[in-house]
Amino acid sequence: AQSVSQHNHHVILSEAASLELGCNYSYGGTVNLFWYVQYPGQHLQLLLKYFSGDPLVKGIKGFEAEFIKSKFSFNLRKPSVQWSDTAEYFCAVNAPSGTYKYIFGTGTRLKVLA
Amino acid sequence: DAGVIQSPRHEVTEMGQEVTLRCKPISGHDYLFWYRQTMMRGLELLIYFNNNVPIDDSGMPEDRFSAKMPNASFSTLKIQPSEPRDSAVYFCASTHTAENTEAFFGQGTRLTVV
């Protein structure tokens, strides 16, 4: 069965600090990987996704993530965060040749101090 | 396309009452997912459909919960009878496997059972 672990539950950073949020998944087959963001009171929106090809994926708003297959990881990074990045971030995995359901991690709440 | 549409956006009901949440997926999408989001448990997959057929309902917490998808453009999640612990935000999402894309989320229904 698929599962996703996000190691950081709460992160507080000052503006301009660098960000890295950890995500590890458990699944033996081919996976699609996603990072979603949820701003306060809103629905989940896609930040970036990995299906195949270059393991370094660039998304919106300056975010990027790197798929390391050997470590079953898909960490999210941003070199310089802004106050507007305050939100909850979810990592998700989907098995395209399996059940195709999207399994989400428990989320990381990021607070950026101005 | 208007995206995934959920109704109502907010629902307040008394314990014991029946609650019905509605979802209209993006036209042409063949998968539909129902999630529940709470502070304690994060984002839980309740049930999902493929081509209107329920594939996995193992996440449905109790028999009080039921979901239907009578056609490709409409799904309901029903709770009968509702209990205070059902209070949460319920999200519907849809995707299209042939397009190899992400799940698109609706705005969610915030349910409060008093």
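The chains referred to below are lettered A, B, ... by the order of the sequence lines, with proteins before strands, and numbering in each begins at 1.
Residues L56(A) and Y89(A) do not share a hydrophobic cluster, defined by chaining ILVMFWY side chains whose heavy atoms lie under 4.5 Å apart. One hydrophobic cluster holds both F63(A) and F90(A) under the rule that ILVMFWY side chains link at heavy-atom gaps under 4.5 Å. Hydrophobic cluster membership differs between F33(B) and F74(B), with clusters built from Ile, Leu, Val, Met, Phe, Trp and Tyr side chains linked at under 4.5 angstrom. L77(B) and V113(B) fall within a single hydrophobic cluster, where Ile, Leu, Val, Met, Phe, Trp and Tyr side chains are chained together by heavy-atom contacts under 4.5 Å. The cluster map of Ile, Leu, Val, Met, Phe, Trp and Tyr, joined by side-chain heavy atoms under 4.5 Å apart, puts V93(A) and F72(A) in the same cluster.
Between the CG atom in L43(B) and the CD atom in E88(A) there is a gap of 9.0 Å [rounded to 0.5 Å]. In this structure, the separation between OG on S58(B) and NZ on K101(A) is 5.0 Å, given to the nearest 0.5 Å. Distance OH/Y31(B) to CG/N94(A): 9.0 Å, rounded to 0.5 Å.
For L46(A), the part lying under 4.5 angstrom from a heavy atom of chain B is the side chain only. Contacts between L45(B) and chain A at a heavy-atom distance below 4.5 Å involve the side chain alone, from C-beta outward. For D56(B), the part lying near chain A is the side chain, with the backbone staying farther off; criterion is any non-hydrogen pair under 4.5 Å.
For E14(B), the CD atom is loosely surrounded, since the number of other residues' heavy atoms within 6.0 Å does not exceed 12. Within 6.0 Å of atom CG in D63(B), 12 or fewer heavy atoms from other residues, nucleotides or ligands are found, so the atom counts as exposed in its surroundings.
Between the side chains of Q37(B) and Q38(A), at least one donor N or O lies within less than 3.5 Å of an accepting N or O.
Taking the six-membered ring where the residue is Trp, the centroids of F104(A) and F105(B) are separated by under 6.0 Å. Aromatic pair Y102(A)/Y35(B): ring centres not closer than 6.0 Å.
Per-residue counts of heavy-atom pairs under 4.5 Å with chain A were compared for R41(B), R110(B), M39(B), Q6(B); the largest is that of M39(B).
Scanning all heavy atoms of the two residues, the minimum distance from F51(A) to E102(B) falls at CZ-N, 4.4 Å.
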